[in-house]
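Side chains included, hydrogens not; waters and symmetry mates left out as well; all remaining heavy atoms used. Throughout, a chain's letter reflects where its sequence line sits, starting with A, and its residues are numbered from 1. Quantities reported herein were computed from a predicted structural model and do not represent experimental measurements.
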Amino acid sequence: MIIGQDALPATGALAVATLGMTMRFGGFTALDDVSISVPAGSFHALLGENGAGKSTLVKCMMGFYHATAGQMTVSGREVQVPDPRAAHALGLGMVYQHFTLVPSLTAAENLVISRRDTPAVIDWRRERVALAAFMDRMPFRVPLDQPVRALAAGEKQKLEILKQLYLGRRFLILDEPTSVLTPDEADEVLGHVRGLCAAGGITVLMITHKFREVTAFADAVSVLRRGRLVGQGRVSDLSHADMAAMMMGEARLPAPAARTGQPGATVLALTGARALDRSGLKEIAIDRLEVRAGEILGIAGISGNGQMELMEMLTGQRPLSAGAMTVRGRPYHATRAEERQMNIRYLPEEPLKNACAPRMSVAENIGFRSFDTRGGGTRFWLAPGALRRQAEALVAGFKVKTASLDAPIAALSGGNVQRAVLARELTGTVDLLVISNPCFGLDFTAVSDIRARIMAARNAGAAVLLMSEDLDEVLELADRVLVMSEGRITYETPAAGADIATIGHHMGGHA
Amino acid sequence: MTDQAMATAQRRNGVDGLAPLARRAERVVLPLGALATGLALFGLLLLALGKSPVEFYALVYKAGFGTAFSWANTLSRAAPLLFAALCVALPARLGLVVIGGEGAIVLGGTATGALGVWLGGVPPALALPLMAAAGAAVGALWIGAVGALRHYRGVNETIASLLMAYIGIALMNHLIEGPLRDPASLNKPSTVPLPDALRVGDIPGLDVHWGLVVALVCCVLSWVLIERTTWGFAARIAGDNVRAAQVQGLPVGRLILGFTALGGAFAGLAGFFEVAAVQGSANASLAAGYGYTGILIAFLARQNPLAVIPVALLLAGFEASSGLVQRRMDLPDATILVLKAVVFVVILVSDTLYGRFRLFAPERWRRS
């Protein structure tokens with residue numbers, strides 16, 4: 001709602017500014033006195049590492065959070081945004097990293113149902129005419145009559161942006177809008193967005209951590225680090241090195257853990273492995289994949305190109321329709337006995353969703369690998385005392401912050417859930433470690449901590465298979481890099497001296 | 001240690017002492033609250049009918065728990081309810097909602113009656129265990145099939161078990177009216193009555209058959225299985241997050257088959273005791289709805305086999321009082337059924353309240 005002054009202009013881009021925006025969660029200051037100004041019609045980038053406060057800032061602007069202190073103005077008028085609905089009423093909209101469209105409905109249906117004033121009975125003939133008129137005013141278009149699930153990722157993201165325009169939003173926050181797009185799709189979408197800004201129709205604030213996109217599309221940039229605004233400027237005045245320096249600050253990232261030892265014998269091998277993908281329509285085809293002891297094999301790729309299915313094949317959740325999976329030359333089916341005998345451990349992505357029983361306690365979750373073992377054999381009666389002592393030791397050793405060992409693990413923060421799972425999976429001898437997106441959504445300290453543990457496992461002789469959507473992570477950790485695209489391995493290169501542009505082309509399936 | 005540090009330490013000790021209690025309290029307070037709400041809502045319904053809720057609940061108490069006679073009545077109804085509730089609670093720990101225990105009860109009873117006819121000359125010490133095993137085995141196959149359909153074919157276990165209950169009842173009716181019918185049973189088709197030697201007797205000094213003792217032992221053993229064994233631990237992991245269980249290499253399929261079959265075996269035992277201790281032969285009275293009341297009991301007990309015991313006694317008391325309240329208050333014979341339904345709906349609603357109250361989540365206390 002607008003405080004005390006006249007209404008906003010009826011059309012055209014909005015200017016938005018925050019003044020001393022501060023957000024505290026208990027004793028933790030997520031956002032500290034941040035003032036940024038985005039003039040009407042500009043394309044502003046918001047840079048920062050995970051946990052720097054970018055999401056907190058935009059959530060305060062959109063009314064998801066109530067800032068502890070600070071004000072916001074829209075086109076010079078002071079406003080209050082108690083909830084997202086109020087933000088929408090002002091003309092503020094947000095496009096998320098992941099799609100918020102209904103896959104089974106067409107683009108036209110998605111647009112019409114997103115309106116707040118959609119009547120209970122929709123007059124489709126009239127809506128279609130209105131939509132056609134709307135599309136004529138837009139610089140780009142998407143097929144309106146196909147179910148959204150049939151659209152490519154780039155088309156979906158364009159539709160998300162069209163949806164915001166259709167809803168009359170004039171200030172758009174884009175939250176890492178290109179993370180699920182290929183580089184070419186990203187360029188196309190952002191090019192259109194840039195055009196809309198230049199035409200004076202919208203103002204854009206884009207969260208990103210890709211310097212390339214900032215340089216290519218944004219006018220100005222603000223950099224956050226640990227909740228503070230640490231740098232601002234016109235993009236034309238800043239080099240990538242300047243931006244990186246602002247993001248990292250004085251404190252250099254701890255140097256990547258040292259890499260010691262040489263790769264040994266092959267541990268995990270997939271030959272001619274075939275399985276159906278999630279949709280059941282396409283095939284995942286891994287002709288040859290080998291991970292050797294004492295090496296990290298990184299698999300790069302854009303999300304949704306079969307990494308999830310490959311993880312499921314490796315964990316025995318997705319049956320192979322052909323081919324073989326072997327560990328040290330012996331067939332492997334991911335049974336508990338095999339995992340134990342051959343010292344195989346997993347770190348799936350989103351550990352709370354894929355590796356924990358959320359309602360069971362921290363102690364119980366840490367005991368998943370060991371609850372049924374006694375020495376080399378198995379046991380029938382639980383030993384709660386031993387489980388608890390083990391959990392106590394591991395919680396201390398891996399610095400898991402928890403109120404109590406009896407708290408449900410779902411009550412822990414993401415970084416601490418990941419530490420608890422690491423504690424469980426990295427205890428004892430590890431010969432093969434299969435990892436997927438281990439640092440997704442974690443803060444600085446957790447990330448460097450977790451990467452160091454992975455490197456330590458490699459140096460100790462474990463074969464590590466690392467799937468990650470974060471190319472920087474793959475390049476930092478891996479000895480060898482594979483690129484996965486459309487369910488296949490399309491490229492292989494040693495990590496040392498790898499050419500990022502070539503990898504990028506293969507990730508996009510354009511090589 | 002400074003005063004302030006001491007105070008902090010003391011406060012922390014106090015909080016840590018209360019924390020486990022608070023965590024457990026949620027699982028007791030919410031179901032009890034839901035039960036009370038359900039009873040109160042039903043009271044409003046009675047008021048709308050112009051009847052007195054106070055009189056109603058007083059009568060329920062008197063007929064269910066007021067006298068030695070009413071306790072005997074309640075306890076003998078409790079046995080099949082305990083078994084039926086276990087048939088829901090055990091699969092529920094694996095995340096399966098099995099609501100077709102009724103089918104396993106009637107088929108377990110039919111198997112008992114049929115086998116009893118054959119075993120007339122066998123010593124009871126051998127024949128009774130055989131009959132019990134037959135009842136349990138048939139029940140295990142019936143509900144185990146639900147688990148197999150779920151695991152191997154992805155068939156929804158709730159729908160499958162419910163529909164299979166109707167098949168089970170139809171199968172029983174076919175058998176007792178056809179191949180297994182005692183020609184002497186004229187107006188109520190039954191199997192040939194069991195000889196007296198093959199009847200299960202009463203607990204000495206009580207007017208309650210041995211089924212109650214066996215059911216109580218089964219509840220305790222089920223609790224031990226779930227809370228104290230590695231199989232139960234594995235089942236709890238799979239029930240909370242099947243993906244995590246698969247990543248750990250746990251045999252999810254075997255757990256599902258095992259727990260559904262065990263639940264079915266308990267329901268089959270309910271059928272065995274109904275035939276061998278109560279009816280004396282398998283007949284249509286086996287389909288008395290115990291399987292369905294068992295669903296309500298298991299949900300009220302939060303699928304905890306020990307909590308099933310008091311809840312089953314309470315519900316058995318309701319059933320025992322059914323006849324009296326109908327006659328005294330001139331209420332329709334569906335009254336107790338409506339009461340159970342109201343309580344069940346409130347229980348289902350209360351399921352959405354878990355985790356909503358900061359009081360029960362110690363890890364959120366300090367943030368306030």
Colleague: Quick one, Arg243(B) with Glu312(A), criterion side-chain contact (heavy atoms from CB on, under 4.5 Å). Give me CA distance, side-chain angles, the key distance, then yes/no.
Modeller: CA-CA 10 Å; Arg243(B) 298 179 66 83; Glu312(A) 288 175 348; 3.1 Å; yes
Colleague: Where on Ala234(B) is there a heavy atom nearer than 4.5 Å to chain A: the side chain, the backbone, both, or neither?
Modeller: both
Colleague: Compare every heavy atom of Arg336(A) with every heavy atom of Gln248(B), then report the nearest pair and how far apart it is.
Modeller: O-NH1, 2.9 Å
Colleague: List the residues meeting ring-ring contact (aromatic ring centres under 6.0 Å, His included) with Phe299(B), not counting sequence neighbours, and say none if there are none.
Modeller: Phe344(B)
Colleague: If you draw a 6.0 Å radius around CH2 in Trp231(B), do more than 12 non-hydrogen atoms from other residues or ligands fall strictly inside?
Modeller: no
Colleague: Which residues in residues 343-352 of chain A have a heavy atom less than 4.5 Å from any heavy atom of chain B?
Modeller: Tyr346(A), Pro348(A), Leu352(A)
Colleague: Contact part of Glu364(A) toward chain B, heavy-atom cut-off under 4.5 Å: side chain, backbone, both or neither?
Modeller: both
Colleague: Is there a donor-acceptor pair closer than 3.5 Å between any side-chain N or O of Asp240(B) and the backbone N or O of Arg359(A)?
Modeller: yes
Colleague: Of the listed residues (Glu425(A), Arg369(A), Arg379(A)), which shares the most heavy-atom pairs with chain B below a 4.5 Å separation?
Modeller: Arg369(A)
Colleague: So which of Ala334(A), Pro384(A), Pro358(A) has the biggest tally of heavy-atom pairs under 4.5 Å with chain B?
Modeller: Pro358(A)
Colleague: With a 4.5 Å heavy-atom cut-off (strictly below), which parts of residues 249-261 of chain B touch chain A? List them by number.
Modeller: Gly249(B), Leu250(B)
Colleague: Between Lys353(A), Arg340(A), Met311(A), which shows the greatest number of heavy-atom pairs under 4.5 Å with chain B?
Modeller: Lys353(A)
Colleague: Under the rule for ring-ring contact (aromatic ring centres under 6.0 Å, His included), what residues qualify as partners of Phe371(A), not counting sequence neighbours?
Modeller: Phe233(B)
Colleague: Side chains of Ile237(B) and Met360(A): does their closest heavy-atom pair fall under 4.5 Å?
Modeller: yes
Colleague: Supply the atom-to-atom distance Asn241(B) CG to Asn365(A) CG, rounded to the nearest 0.5 angstrom.
Modeller: 9.0 Å
Colleague: For each of Thr402(A), Thr335(A), Leu382(A), tally heavy-atom pairs with chain B at distances under 4.5 Å, and name the one with the top tally.
Modeller: Leu382(A)
Colleague: Verify side-chain contact (heavy atoms from CB on, under 4.5 Å) between Trp381(A) and Thr229(B), making sure each step is shown before the conclusion.
Modeller: CA-CA 4 Å; Trp381(A) 297 104; Thr229(B) 72; 3.8 Å; yes
Colleague: If you look at every heavy atom in Val247(B) and Gln317(A), which pair is closest and at what distance?
Modeller: CG2-OE1, 3.9 Å
